[in-house]
Amino acid sequence: MAKMNFGGVEENVVTREEFPLQKALDTLKDETIAIIGYGVQGPGQALNLRDNGFNVIVGQRSPSASYDKAIADGFVPGETLFDIDEAAERGTIIQYLLSDAAQIAVWERIKAKLTPGKALYFSHGFGITYKDRTGIIPPADVDVILVAPKGSGTSLRRMFVAGRGLNSSYAIFQDATGNAKDRVVALGIGIGSGYLFETTFQREVYSDLTGERGTLMGCIQGIFEAQYNVLRGRGHTPSEAFNETVEELTQSLMPLVAENGMDWMYANCSTTAQRGALDWKDKFRDAVSPVFEELYDSVATGNEAQRSIDSNSQDDYREKLEVELTELRDSEMWKTGKVVRGLRPENN
């Protein structure tokens with residue numbers, strides 16, 4: 001573990017140079033990694049681990065589209081693909097990658113397979129942090145660990161195939177065996193992390209829920225809608241409003257910010273853009289800061305967790321979700337976006 005300075009604050013970080021893949025393979029050479037759930041994170045982590053040479057099996061309900069996807073990805077029923085109970089029985093490390101609601105529903109079945117010395121692995125701190133609400137309380141004689149890639153399972157897989165790595169956080173909630181640290185770091189390297197930074201289950205879920213509702217999805221969609229609607233209301237065409245709101249940001253500016261930082265972007269845009277961005281950034285910060293404070297309080301008190309549990313556990317959740325997503329998909333802005341994406345040179 002190395003100490004790295006981030007903006008004047010030292011944090012614990014593990015890199016591939018410090019903990020290479022071969023060390024990870026040696027650490028887990030006698031382990032069977034059971035991926036429980038093949039939906040959002042499951043495929044990316046399972047395929048990356050398998051391609052890196054680890055012993056991986058998948059547990060997934062059958063029949064289901066996810067079970068069929070696992071077969072299409074090369075997992076063989078009865079050999080490397082099983083129902084959830086058998087995979088959990090066979091696994092010495094159980095990667096619990098079902099949705100938060102499904103984790104609650106299946107927990108008693110998984111708990112029954114957690115014999116002494118096994119490891120229970122999460123990629124989200126939800127179930128453990130809100131254990132009083134979820135009922136997910138592991139036995140005292142198993143390791144409880146977390147590796148949380150900072151992106152979707154799809155991104156994790158795509159970057160792995162491209163020879164890159166998606167950064168991840170890691171945490172240890174319970175070290176029953178004395179080997180939890182090596183296990184969690186080896187798994188983080190195995191799934192293809194670029195580097196690993198230390199956190200706790202609580203900090204991971206608080207930052208994750210805030211980020212999803214904030215700048216990663218909720219806030220950014222709200223900002224997109226606000227600017228797009230103002231431009232349309234002032235007479236701009238749909239294509240112009242979309243290009244100035246979404247397309248230029250995602251296709252031109254954000255890749256450069258990712259490479260070089262926002263300070264570089266400010267230094268390398270027109271003087272008119274520089275002046276306007278510097279003049280207005282504080283106004284936007286001050287306008288949204290109270291909303292972020294309210295959001296974080298809602299996460300920290302458990303209100304966001306309870307709302308997710310109550311909503312996502314309903315039998316008709318998928319149908320209600322599709323109604324909301326259809327409304328988003330059918331909005332003028334995202335219909336325009338579909339046309340604009342189709343006009344990109346790589347699509348013609």
Side-chain angles (χ1 to χ4, degrees), residues 27-50 52 54-71 73-131 134-149 153 170-177 179-180 182-184 186-188 190-191 201 312-313:
T27 299
L28 303 180
K29 64 181 185 298
D30 297 323
E31 305 267 22
T32 297
I33 303 168
I35 308 289
I36 305 300
Y38 207 74
V40 177
Q41 280 289 336
Q45 295 198 31
L47 292 172
N48 291 1
L49 284 164
R50 187 183 69 184
N52 269 335
F54 295 87
N55 182 21
V56 181
I57 62 175
V58 171
Q60 175 61 44
R61 176 179 58 84
S62 175
S64 69
S66 295
Y67 190 89
D68 293 341
K69 175 172 171 51
I71 293 175
D73 286 342
F75 291 97
V76 180
E79 295 181 15
T80 54
L81 176 60
F82 306 93
D83 64 29
I84 288 174
D85 296 271
E86 184 168 358
E89 177 78 29
R90 289 171 175 261
T92 58
I93 296 172
I94 298 175
Q95 292 198 190
Y96 205 23
L97 300 181
L98 295 169
S99 69
D100 294 326
Q103 284 185 14
I104 297 170
V106 178
W107 171 241
E108 290 302 322
R109 292 161 59 187
I110 297 299
K111 184 179 179 180
K113 308 300 183 182
L114 287 171
T115 52
K118 286 193 175 186
L120 179 63
Y121 166 112
F122 295 85
S123 282
H124 189 27
F126 190 98
I128 294 294
T129 299
Y130 301 113
K131 58 184 182 295
T134 65
I136 297 177
I137 302 174
D141 51 11
V142 300
D143 293 341
V144 182
I145 55 182
L146 172 147
V147 177
Y170 75 93
I172 299 169
F173 179 77
Q174 189 167 280
D175 184 3
T177 67
N179 296 319
D182 283 348
R183 273 173 145 177
V184 72
L187 288 163
I191 67 170
F201 273 65
N312 299 351
S313 60

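Just so it is clear, the model here is predicted, and its values are computed rather than measured.
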key: Tyr130: ring-ring contact (aromatic ring centres under 6.0 Å, His included) partners, not counting sequence neighbours   = Phe126
Any residue meeting ring-ring contact (aromatic ring centres under 6.0 Å, His included) with Phe173, in chain and number order, not counting sequence neighbours = Phe201
Side-chain donor-acceptor pairs under 3.5 Å in residues 34-44, sequence neighbours left out?
from	atom 1	to	atom 2	distance (Å)
Tyr38	OH	Asp73	OD2	2.7
Gln41	OE1	Gln45	NE2	3.0
Gln41	NE2	Gly151	O	3.1

task = Kindly say whether Tyr121 contributes a backbone atom to a donor-acceptor pair with the side chain of Gln95 at under 3.5 angstrom?
result = no
message = Tell me if a side-chain donor or acceptor on Asn179 pairs with a main-chain N or O of Asp182 at a distance below 3.5 Å.
response = no
query = Quick check: are there more than 12 heavy atoms from other residues, nucleotides or ligands sitting under 6.0 Å from CZ of Arg109?
reply = yes
I'd like to check [X] versus [Y] (side-chain heavy atoms, cut-off strictly below 4.5 Å). Are they in contact?
| X | Y | result |
| --- | --- | --- |
| Asn312 | Asp100 | no |
| Tyr96 | Ile110 | yes |
| Phe54 | Leu187 | no |
| Ile191 | Pro149 | yes |

Where is the tightest heavy-atom contact between [X] and [Y], given as atom of each residue plus distance?
| X | Y | result |
| --- | --- | --- |
| Arg183 | Ala119 | NH1-CB, 3.5 Å |
| Ile136 | Ile128 | O-CD1, 3.9 Å |
| Val147 | Ser123 | O-OG, 2.7 Å |
| Gly125 | Leu146 | N-CD1, 3.5 Å |
| Asp143 | Ala176 | OD1-N, 2.7 Å |
| Arg50 | Val56 | N-CG2, 3.8 Å |

Under the side chain to side chain contact (heavy atoms under 4.5 Å, CB included) test, which residues partner [X], sequence neighbours left out?
| X | answer |
| --- | --- |
| Ile71 | Tyr67, Pro77, Leu81 |
| Thr115 | Lys118 |
| Gln174 | Val142, Val144 |

For the atom pair [atom1] ([X]) and [atom2] ([Y]), what is the distance rounded to the nearest 0.5 Å?
| X | Y | atom1 | atom2 | answer |
| --- | --- | --- | --- | --- |
| Leu28 | Ile93 | CG | CD1 | 5.0 Å |
| Ile57 | Leu49 | CD1 | CG | 12.5 Å |
| Gln60 | Lys69 | CD | NZ | 11.5 Å |
| His124 | Thr129 | NE2 | OG1 | 8.5 Å |

